[in-house]
Amino acid sequence: MDPMAIAATSISMHQAQVQQAVGVSLMRKVMDQQEQQAAAIVENLQQAIPSTVPGSHMDILA
């Protein structure tokens, strides 16, 4: 087997691993941001309805 082909294959595999790691890291950041945005929306909704109004309890886990 050609040593250059082995080296090229190794480089290609390493690049693919780095690209996958970057993709996973980016996806985690996006998911964290979405989680924060969802929590802010739920908080805003809970504040928008006064707790003294009958039926004002919202089931956000349903």
Out of curiosity, R28 CZ to M31 CE, how far, rounded to the nearest 0.5 Å?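 It is 9.0 Å, given to the nearest 0.5 Å.
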
CG/D32 to CE/M27 distance, rounded to the nearest 0.5 angstrom?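 CE of M27 is found 12.0 Å from CG of D32.
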
Just one of M13, Q15, H14 clears the side-chain contact (heavy atoms from CB on, under 4.5 Å) bar with I11, so which one?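 For I11, the side-chain contact (heavy atoms from CB on, under 4.5 Å) check succeeds only for Q15.
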
Counting C-beta onward and ignoring hydrogens, is there a side-chain heavy-atom pair between D2 and I6 closer than 4.5 Å?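 Of all side-chain heavy-atom pairs linking I6 with D2, none is under 4.5 Å.
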
Within-4.5 Å side-chain heavy-atom neighbours: Q33 and K29: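 Side chain of Q33 against side chain of K29, heavy atoms only: no contact under 4.5 Å found.
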
Polar contact flag, side-chain donor to acceptor under 3.5 angstrom, E43-Q47: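 Note: E43 and Q47 side chains meet the donor-acceptor criterion.
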
Looking only at atom types and distance, does a side-chain atom of S25 sit under 3.5 Å from a main-chain N or O of A21, one as donor and one as acceptor?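 A pair under 3.5 Å: no.
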
